[in-house]
Amino acid sequence: MTPDVTTAAAGTASLVQSVDWVAIAPPLIAAAVALVVLLADLFLPPSRKPLLGWITIAGLVAALAALAPLRTGSRSTFCLTANPDACSYTVDQFAFVIQALVLGGALLTALLSVRDTKEKLPAGEFWFLLLSSAAGAALLPAARDLATLVVALEVASLPAFALVGLKRGDRLSSEAALKFFLSSVTATAVMLLGVSFVYAATGTLHLTEIATKLATVPAQLDTVAKTGVVLTLVGFAFKTAAAPFHFWVPDTYVGAPLPVAAYLSVVGKAVGFSGLILVTVVAFPSYADVWGPALAVLAALTMTIGNAAALRQSATRAHSAVRLLAWSSVGQAGYLLVPIAAAAYSSGNQVGATVAYALMYAVVNLGAFAVAALVARGKPLNRLTDYRGLYAERPLAALALAFFLLCLAGLPPGIIGLFAKVTVFSAAVNAGLGWLAVVMAINVVVALYYYLRWTAILFRSPEAAEQSSAAVRPRIPAPLTVAIALTAFVGVVLSGLPQLALHFASVTLF
């Protein structure tokens, strides 16, 4: 073989990469099981359709198990041959925790949905869409280039539109899906415009290379780069339901099936905040003077609007319990934004505070939605007044919901909620954002009122009409019982072992 041919062969060989199958296993398993469910749905008779739900649950358990080899260290794949440090997929501490959160959230959503797919929802479509969205959500925190990031975000979002509108013939469901779709498409369009500007200014899509090149961007391209940064942040602000881009949240949660609303409130937020962390902390650190103040203002605005709207919910209004959880989730999004904004002003590890808070919020919010799904089986209007006397009717469910609400409020015995709020508060103070810490403190006090008001309703004596109807209360499906028990158990463990939460608060991005 001639030297030229040898050199050419070596050059060709250098373009061939080995794939780290262990690193990509969690999202890959979820996607593969989604295809299995889609194909099985074509051949299973209607009487065997419930089997699809158990296949989905088994697939999500397998995806969670595949995370075990990734719990330590950092693994990367799909790297540039010219620059092995620039990779498209990296599993580090941050990606590991977020993948565990979204896959665990999808698993609990599946447990909440088993009975609904038997009675109200088309089984094959539901399970396929849930697994597809979970695959995209698991891919996103490991994405390390803008192309993979956007694709993962849309793979997580597009099936969610269909999940929201899956209640056929339901006007609220159709309206919710339309609002969710239009707002998300607008967000994607704005984000893609921002990504194109960033690419024009840097000539690369890999986050680490963008960070390097933005630090030395030519003066004539500075305006283009800043515009790209701002538009990208606006796109993610839609995805995270940050005010003033939050308008789709309450109607979407009310119109969606309750398990889907729970999924959006936890997994949807985890996806949005993961992407926001990656683009700000990893890709745009040199423009911290642009995104830092913007996110600080968004955090203050979001928590204030969310808590003020939750405070105004009428206890007798139809679906007021779900609306309160929806507005509460907007307020919680404001708290989640605080450490990301603080990262612009401090060199310390602020990202871990968001991760720790997201973990607490995911566990207890899923638990609250699980109890709401239980109450909705007998009282489909799901008003706050429908929870009156729940302790007399179902004491364990009432105690679980009280624990979840106290965690969200940051009160004992929900120590994990208190710890998470203190961690976020400390991040703001350490970054010199004293004004934001004051705004957060005021909002925490405001939120105490509506969380405690709902908690008090649980222990009031039921009215005579409610006592007579309690005699024919519907049976609780076993998967729903498991979901409530599992979230309560994890919440209690985290509250009893705050050092675990401290460990999550120390999560870093490599």
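Since the model is a prediction, treat every value here as computed from it, not as a measurement.
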Counting distance only, does the side-chain N/O of [X] pair as donor-acceptor with the main-chain N or O of [Y] below 3.5 Å?
X	Y	result
Gln99	Ala138	yes
Glu209	Leu205	no
Lys421	Tyr357	no

Can you measure from [atom1] ([X]) to [atom2] ([Y]) and round to the nearest 0.5 angstrom?
X	Y	atom1	atom2	answer
Leu163	Trp127	CG	CH2	10.0 Å
Asp145	Ser88	CG	OG	3.5 Å
Phe197	Thr232	CZ	OG1	10.0 Å
Phe126	Ser113	CZ	OG	3.0 Å
Leu418	Met360	CG	CE	10.0 Å
Thr423	Phe419	OG1	CZ	3.5 Å

Do [X] and [Y] have side chains that approach each other closer than 4.5 Å (heavy atoms only, starting at C-beta)?
X	Y	answer
Leu390	Val371	yes
Tyr450	Gln313	no
Leu433	Trp435	yes
Asn365	Gln332	no
Leu452	Leu411	yes
Cys87	Phe78	no
Ile24	Thr77	yes
Leu60	Leu131	yes

Nearest atoms (heavy-atom pairs only) where [X] meets [Y]:
X	Y	answer
Ala261	Phe369	CB-CE2, 3.8 Å
Ala110	Ile57	CB-CG1, 3.8 Å
Pro26	Leu103	CB-CD1, 4.0 Å
Leu64	Ala100	CD2-O, 3.8 Å
Pro259	Thr109	O-CG2, 3.4 Å
Leu140	Val271	CD2-O, 3.4 Å

**Request:** Start with the C-alpha distance between Leu258 and Leu112, add both sets of side-chain angles, then the distance that settles side chain to side chain contact (heavy atoms under 4.5 Å, CB included), and finish with yes or no.
**Result:** CA-CA 8 Å; Leu258 263 178; Leu112 294 177; over 6 Å; no
Compile the donor-acceptor pairs under 3.5 Å between side chains in residues 299-306 and protein atoms, sequence neighbours left out, one pair per line.
from   : atom 1 : to     : atom 2 : distance (Å)
Thr302 : OG1    : Ala243 : N      : 2.9
Thr302 : OG1    : Leu298 : O      : 2.6
Thr304 : OG1    : Ala300 : O      : 2.7
Thr304 : OG1    : Asn443 : ND2    : 3.3

**Message:** Does anything in residues 405-416 form a salt bridge (Lys or Arg N to Asp or Glu O under 4.0 Å)? List the pairs, not counting sequence neighbours.
**Reply:** none
**Request:** May I have all residue pairs that pass salt bridge (Lys or Arg N to Asp or Glu O under 4.0 Å) and include part of residues 482-496, sequence neighbours excluded?
**Result:** none
**Message:** Taking side chain to side chain donor-acceptor pair (under 3.5 Å) as the definition, give me every residue that meets it alongside Thr227, ordered by chain and number, with sequence neighbours left out.
**Reply:** none
**Prompt:** With sequence neighbours excluded, what pairs up with Ser314 under the side chain to side chain donor-acceptor pair (under 3.5 Å) test?
**Reply:** Thr316
Sequence neighbours left out, what passes salt bridge (charged side-chain N to carboxylate O under 4.0 Å, His left out) with [X]? Give chain and number order.
X	result
Glu154	Lys239
Lys213	none
Lys269	none

**Request:** Could you give me the CA-CA distance, side-chain angles and deciding distance for Met440 and Val424, then say whether side chain to side chain contact (heavy atoms under 4.5 Å, CB included) is met?
**Result:** CA-CA 9 Å; Met440 180 182 172; Val424 171; 3.7 Å; yes
**Message:** Checking side-chain polar atoms at under 3.5 Å, does Tyr345 have a donor or acceptor matched by the opposite partner on Asn430?
**Reply:** no
**Request:** Before giving the answer on side chain to side chain contact (heavy atoms under 4.5 Å, CB included), spell out for Leu153 and Phe236 the whole-Å C-alpha distance, their side-chain angles and the decisive distance to 0.1 Å.
**Result:** CA-CA 10 Å; Leu153 189 61; Phe236 277 106; 4.0 Å; yes
For residues 333-341, which side-chain N or O atoms pair as donor and acceptor with protein atoms under 3.5 Å away, sequence neighbours left out?
from   : atom 1 : to     : atom 2 : distance (Å)
Tyr335 : OH     : Asn307 : ND2    : 3.2

Sequence neighbours left out, cut at 3.5 Å: what donor-acceptor pairs do the side chains of residues 323-331 make with other protein atoms?
from   : atom 1 : to     : atom 2 : distance (Å)
Arg323 : NH2    : Asp251 : OD1    : 3.2
Ser328 : OG     : Tyr451 : OH     : 2.4
Ser329 : OG     : Ala326 : O      : 2.6

**Pairs where residues 247-286 contributes a residue and the test ring pair (Phe, Tyr, Trp, His ring centres under 6.0 Å) is met, not counting sequence neighbours** = Phe180-Trp248
**Fill in**
Which of Leu149, Thr90, Thr208 passes side-chain contact (heavy atoms from CB on, under 4.5 Å) with Arg144? It is Thr90
**Prompt:** Around atom CZ of Phe181, are there more than 12 heavy atoms of other residues, nucleotides or ligands at under 6.0 Å?
**Reply:** no
**Request:** Enumerate the residue pairs fulfilling side chain to side chain donor-acceptor pair (under 3.5 Å) with a member in residues 285-300, sequence neighbours excluded, ordered by first and then second residue.
**Result:** Asp222-Tyr287
**Asked** Would Val446 and Leu311 count as a side chain to side chain contact (heavy atoms under 4.5 Å, CB included) if you check the C-alpha gap in whole Å, the side-chain angles of each, and the deciding distance to 0.1 Å?
**Response** CA-CA 8 Å; Val446 170; Leu311 195 64; 3.9 Å; yes
